[in-house]
Colleague: 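Please read through the structure below; I'll follow up with questions.
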Amino acid sequence: DGASEPDKRWGFWALVQSSGPSSLAPFEDQLDELVDKWADAVAKARGQKEDMTIERDGWDEARLRALCERHGWDFEWMT
């Protein structure tokens with residue numbers, strides 16, 4: 001099932017609807033939009049994979065330096 005290697009998972013996406021004279025098939029662009037929204041919702045539901053950190057409010061120099069260090073940015077204080 002790919003549980004140990006998520007990047008090698010595969011699958012398919014299907015839309016099932018009733019048939020008959022009153023049911024119309026959606027346009028391809030409508031299906032593409034639906035699939036994109038579904039994939040986005042699933043990604044958001046899975047949540048963040050990185051460790052969560054809790055920081056104090058405010059943007060003092062220590063916090064700005066920590067943010068720059070975390071992202072590999074150069075810190076320069078301009079007055």
Side-chain angles (χ1 to χ4, degrees):
D1 71 351
S4 60
E5 297 179 81
D7 57 326
K8 293 186 178 179
R9 288 183 170 181
W10 62 273
F12 61 93
W13 198 96
L15 173 68
V16 180
Q17 66 180 36
S18 63
S19 63
S22 63
S23 64
L24 298 173
F27 293 108
E28 186 174 344
D29 58 337
Q30 290 174 320
L31 286 177
D32 289 342
E33 184 180 350
L34 176 65
V35 170
D36 290 342
K37 287 181 180 179
W38 175 83
D40 186 49
V42 168
K44 288 178 180 175
R46 287 188 180 135
Q48 182 175 334
K49 296 183 189 269
E50 298 174 4
D51 291 338
M52 188 179 300
T53 58
I54 303 200
E55 299 177 4
R56 62 187 175 276
D57 286 340
W59 289 100
D60 59 353
E61 183 177 347
R63 186 171 181 198
L64 290 171
R65 286 187 182 275
L67 181 68
C68 290
E69 183 178 332
R70 179 178 183 181
H71 293 286
W73 302 334
D74 293 331
F75 177 82
E76 185 173 327
W77 193 267
M78 299 176 70
T79 57

Colleague: What donor-acceptor contacts under 3.5 angstrom involve side-chain atoms of residues 24-34, with partners at least two apart or in another chain?
Modeller:
from, atom 1, to, atom 2, distance (Å)
Gln30, OE1, Phe27, N, 2.9
Glu33, OE2, Lys37, NZ, 3.3

Colleague: Residues sharing Leu64's hydrophobic cluster, by side-chain heavy-atom contacts under 4.5 Å among ILVMFWY, directly or via others?
Modeller: Trp59, Leu67, Trp73, Phe75, Trp77
Colleague: For Glu61, check side chain to side chain donor-acceptor pair (under 3.5 Å) against everything at least two apart and list the hits.
Modeller: Arg65
